[in-house]
Amino acid sequence: MKRYNPKEIEPKWQKYWDENGTYVANLDSDKPKYYGFGMFNYPSGAGIHLGHAKNFTIPDILMRYKRQQGFESYSPVGFDSFGLPAENYAIKTGQSPRKTTDDAIDSYRQQYRSMGWSMDWSKEIDTSKPEYYKWTQWCFLQLHKDGLAYQKESMQWWCDQCKTVLADEQVIAGKCWRHDSSDDPFVSKKSLHQWFFKITDYADEILEATDQLDWTPWVKTAQKNWIGRSEGASVKFKLEGLDADGGEIEVFTTAYDTIYGVTFMVLAPEHPLVATYAQHADNFQEVEEYVQTAIRKSDVDREKEKVKTGVPIEGLYAINPINNQKIPVWVADYVLMGYGTGAVMAVPGEDARDYEFAKKYNLPIIYTTEQQEFVDYSDIKSKPKNYKLANSNEFNGMNFSEAKPKILQKIVDEQIGESQVQYKLRDWLISRQRYWGAPIPVIHCSKCGAVPVPEKDLPVELPEINDYHPSGQASSPLAKVTDWVNVDCPECGKQAKRETDTMDGYVCSSWYQFRYLDPHNTDQAWKVDRADKWMPVDFYNGGDHATAHLLYARFFTRFFHNKGLVDTPEPFKQMYFHAKILASDGTFFSKSKGNGIDPLEVINSGYGADALRTYIMFIAPPDIESPWNNDGLPSCYRFINRVWTLVQEFNQSDDKENIKADEILKTVHKAIKKVTKDIEQIKYNTAVAAMMECVNGLYKIKETNLYADRQNWQFALESIVQLMAPFAPHAAEELWHDLGHEDTVHIDHWPEYDESYLAEDKLKLAVQVNGKVRAEIEVATGLTKEEIEKKALSQDNVVAHLDGRLPTKVIYVPNKLVSIVVK
RNA sequence: GGGCGAGUGGCGGAAUUGGUAUACGCGUUCGACUUAAAAUCGAAUGUCCAAAAGACGUGCGGGUUCAAGUCCCGCCUCGCCCACCA
């Protein structure tokens, strides 16, 4: 009998699929489309790990299932290949990033193929190739044309190890997203002239659309939190004292309903008016010192400080415009310049932070609610939502919800402020002072300013260089390549210089969902009708990048939608966020611990890709973190092997009597129903369990019936092979051919179940007495309620437990149980 | 500190959303095949009890219900995300 040997059949079918273009999608097909993939990744020299295996197997199963169902299923593949590791390696060894990246990609191609993923290699993309980044640069120009790409001088996060600036989103708990382990230093700030994308223009649009998305719920919440919209008011406070008379300070507040409780004002140390006014203050020296210390500290250090600090600007007062109260002005680093106006109206009676500050510096406290018993921090935080106002003139006694809009109205009517919306989201900083990225297509001319490179001159290709060290004061190695830097201005023709910064890698991955649809197009980034047909992506899977990447991709897609380049505004219809596989001790895999599992090793050990794929999905639901268990892996190998054995035995069997065995059909149709439903819901673990159960059932049937019922066995085996095909594509293909087929099982072959085979003719019902199961009865489906109850009541053990008493109540739950109640 | 989620056998995890808790698998034990082992096939496996009967059993304590892993109230523990955003 032919034995199951993954080492033999897996390469064989991989070759066959390649040669036959089995997974090459026809993007102009008349079939209904299905478009899905896992977040592409950076090809590192280390090769793929279990995380990659999970990331691509999750969509692969769904894509294969859809392909079998008759969809034109497009699983694209590509590499996000610009990035720092290749460049850092180049600095160390002098090897060009192009070379090391190409080598890594070659090795990835091999590894991806070994996993049996149904990717369309004819449309592969690679973001570091000029054919790709030409269009990344084109995207930049489109945004620039619409005023959404601009330059400004600003303080930015700087990672000393990456030697580049970082976007806010790339700073995680105060550290660089690439250097966030405990021994890495915190990021610092540098003031530089940088390029930004104006994503804030889209904040509202993106935020509003978030709720309707079919995405993993917490990812949606993360998006919303990141945008951080708050509605409030900006209010102007006039200044008095020192030389400030006539000046004013604007504050942003969401709690304008507490405006009668303002007892002081706080400015961020960086606030420009601090320097203006403090110089006249008696305590100028003190303020100056405080400001200098605060500015030197990073935001992170400032946020870490438990105890609030601050200094008054002595002699400077602000006038609360609502009641003309004169209040002191303080400087404190708990107020951040980056949000709102960098100035806060402090209401210690109603705000915990202000309260803490007021207590420490003995500032007055006015409560604006009737509940004045709040005495500490936590009381103020848990302030009830429906309180009544106090100490608020005409609003006293009014309910919070009623007073709030009225106070805003008063602020607006008296022209002391206006309603305003604030976002935590900042514009996206895209400049990177590095070599291995897409050059920003701009030429700086002393006469014409920053001139975009004309589209016809794209791509601005990366020159080959030998020295990859960043050049001097925070600029990219490109700055040293003078014959590349010096060009003529496209507008006036005079000598000018190229921009030497490259783009953040996230720019490349913000639009790849479009390029996948038209990867070889040399005339345009993509054909619009292609995008109209194929967008949005039906299924997008990832296990990382829950905020930044998705936000950026949504921004780009909305922008292109508004430009008429795609008819859908959202890139990803369903976004699935899977959880990590943990090491067997429940901790995370880590390079330093060296406890990683190499998928290729698992495959080559003889278990094969099919067992690995199936097992990864069988351990737990994909969105639950669960530990890897080496001893569990053989379970899925065994399962495949059991199907294999059935097919081989069936083929060799000479039972030709055709004795009917209808339970075969029941067993199989049940599995078809369950597996179909579970795959749709990405509950792959129970789908695998259902297949195992079905195969166990077939083994039982085989014991008595052998293979006598030829026709039903043929159907059963074909069905189970079709069901397992998304999980174990190689074995399924081999068995499909063993069952007499010459086409591939992977296209247009998904079994359908027939509900009529699922009907039971007998039912097992539990019989409970006072809530405890005391007997089990088997009844024919046609019996009436009375007949069933009668049978239940006559069971020996039921009679025993009734102990002569009459039931007070009998409840019959159809198909489930009979519940008898006695007193 | 805020938000969200989770706690079920020795282990990973099921449970049609209020209806026989522990599907499927791992592990363990026993049996078949074998000179033997591996592989394979079969049986058993929540706890207490020799077994049946029974009792107990889904983090802890209450409650609703004929019936609670599932619903309600109060705790405990763990995980993730956000975190001085005015």
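The structure presented is a predicted model; accordingly, all values stated were derived computationally and were not measured. So you know, we letter chains A, B, ... as the sequences are listed, proteins then strands, and number each from 1.
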For this session: Quick one: label P634(A) by what it contacts on the DNA or RNA (base, sugar-phosphate, nothing), any heavy atom closer than 4.0 Å.
Result: nothing
Exercise. Looking only at atom P, what distance separates U22(B) and A32(B), rounded to whole Å?
Worked result: 30 Å
Exercise. So does N225(A) get a side-chain nitrogen or oxygen closer than 4.0 Å to the phosphate oxygens (OP1/OP2) of C4(B)?
Worked result: no
Seminar exercise, completed: Tightest non-hydrogen contact, residues L735(A) and V643(A), listed as CD1-CG1, 3.8 Å
Seminar exercise, completed: Here the distance between atom P of C82(B) and atom NZ of K224(A), to the nearest Å, is 16 Å
Problem set entry | 5′-ward residue of the pair S635(A)/T341(A) relative to RNA chain B | S635(A)
For this session: With P as the reference atom in both, quote the distance from G79(B) to C71(B) in angstrom, rounded to an integer.
Result: 24 Å
For this session: Give none if C81(B) has no partner; otherwise give the nucleotide forming a Watson-Crick or G-U wobble pair with it, both distances under 3.5 Å.
Result: G2(B)
Exercise. Just checking K683(A): base, sugar-phosphate only, or nothing, at a heavy-atom cut-off of under 4.0 Å?
Worked result: sugar-phosphate
Problem set entry | Close side-chain approach of L817(A) and V767(A), heavy atoms under 4.5 Å | no
Exercise. Which part of the nucleic acid does Y699(A) contact within heavy-atom distance under 4.0 Å: base, sugar-phosphate only, or nothing?
Worked result: sugar-phosphate
For this session: Please determine, for the side chain of P621(A), which listed nucleotide (A14(B), A86(B), G12(B)) has the closest atom?
Result: A14(B)
Exercise. Regarding Y812(A) and E789(A), is there a side-chain donor-to-acceptor distance under 3.5 Å anywhere?
Worked result: no
Exercise. G5(B) and A86(B): how far apart are their C1' atoms, nearest whole angstrom?
Worked result: 29 Å
Exercise. Just checking D631(A): base, sugar-phosphate only, or nothing, at a heavy-atom cut-off of under 4.0 Å?
Worked result: sugar-phosphate
Problem set entry | Nucleotide nearest A766(A) when distance is taken to its side chain, options A86(B), C24(B), U20(B) | U20(B)
For this session: Tell me what D354(A) touches on the nucleic acid: a base, only sugar-phosphate, or nothing, going by heavy atoms under 4.0 Å.
Result: nothing
For this session: Assign Q422(A) to base, sugar-phosphate, or nothing according to its heavy-atom contacts below 4.0 angstrom with the strands shown.
Result: nothing
Problem set entry | Closest heavy-atom pair and its distance - P348(A), G261(A) | CD-O, 4.0 Å
For this session: Please measure how far the P atom in U58(B) lies from the corresponding atom in A21(B), and state the result in whole Å.
Result: 12 Å
Exercise. Which whole number of Å gives the distance between the P atom of A53(B) and that of U45(B)?
Worked result: 13 Å
Exercise. Is E693(A) salt-bridged to K674(A), going by a charged N under 4.0 Å from an acidic O?
Worked result: no
Exercise. When we call it a touch if two heavy atoms are under 4.0 Å apart, what does E693(A) touch: a base, just sugar-phosphate, or nothing?
Worked result: sugar-phosphate
For this session: Quick one: label K764(A) by what it contacts on the DNA or RNA (base, sugar-phosphate, nothing), any heavy atom closer than 4.0 Å.
Result: base
Exercise. Should the ring pair F618(A) and Y615(A) be called parallel, tilted or perpendicular, given that the plane angle runs from 0 to 90° and is split at 30 and 60?
Worked result: tilted
For this session: For Y637(A) and U40(B), give me the distance from atom OH to atom C1', rounded to whole Å.
Result: 11 Å
Exercise. Contact class for K700(A) vs. all strands (heavy atom < 4.0 Å): base, sugar-phosphate, or nothing?
Worked result: sugar-phosphate
Exercise. Hey, is the side chain of R638(A) poking within less than 4.0 Å of OP1 or OP2 on U40(B), counting only N and O atoms?
Worked result: yes
Exercise. What's the base orientation of U17(B): syn (chi within 90° of 0) or anti?
Worked result: syn
Exercise. Rounding to the closest angstrom, what is the interatomic distance between G9(B) and C24(B) at atom C1'?
Worked result: 15 Å
Exercise. Base, sugar-phosphate alone, or nothing: which one does R774(A) contact when heavy atoms must sit under 4.0 Å apart?
Worked result: sugar-phosphate
Problem set entry | For G63(B), glycosidic torsion class - syn if within 90° of 0, otherwise anti | anti
For this session: Nearest whole angstrom, please: distance from the P of A86(B) to the CZ of R229(A).
Result: 13 Å
Problem set entry | Atom P, compared across G2(B) and U8(B): separation rounded to whole Å | 26 Å
Exercise. Reckon R642(A) has a side-chain N or O less than 4.0 Å from the OP1 or OP2 of G42(B)?
Worked result: yes
Seminar exercise, completed: Quick note, N797(A) side chain, CB onward, closest among C26(B), G54(B), A86(B) is G54(B)
Problem set entry | Heavy-atom donor-acceptor pair, K816(A) side-chain to U16(B) base, under 3.5 Å | yes
For this session: Pick base, sugar-phosphate or nothing for A690(A), based on heavy-atom distances below 4.0 Å to the nucleic acid.
Result: nothing
Exercise. Side chain of I619(A): nearest nucleotide among G12(B), A23(B), G25(B)?
Worked result: G12(B)
For this session: With RNA chain B as reference, determine whether Q768(A) or F252(A) sits nearer its 5' end, using the nearest nucleotide of each.
Result: Q768(A)
Exercise. Does N685(A) make a side-chain N or O approach to OP1 or OP2 of A14(B) shorter than 4.0 Å?
Worked result: yes
Problem set entry | salt_bridge(K224(A), D211(A)) N-O dist < 4.0 Å | yes
Exercise. Can you check whether S819(A) has a side-chain N or O nearer than 4.0 Å to OP1 or OP2 of G19(B)?
Worked result: no
Exercise. Does the gap between the ring centers of F577(A) and W218(A) come in under 6.0 Å?
Worked result: yes
Exercise. When the P atoms of G13(B) and C26(B) are considered, how many whole Å apart are they?
Worked result: 16 Å
Exercise. Does A37(B) have a Watson-Crick or wobble mate here (both distances under 3.5 Å), and if so which one?
Worked result: none
Problem set entry | Minimum-distance nucleotide (side-chain atoms of V821(A) versus G13(B), C66(B), A86(B)) | C66(B)
For this session: Provide the Watson-Crick or G-U wobble partner of A67(B), both distances under 3.5 Å; none if there is no partner.
Result: none
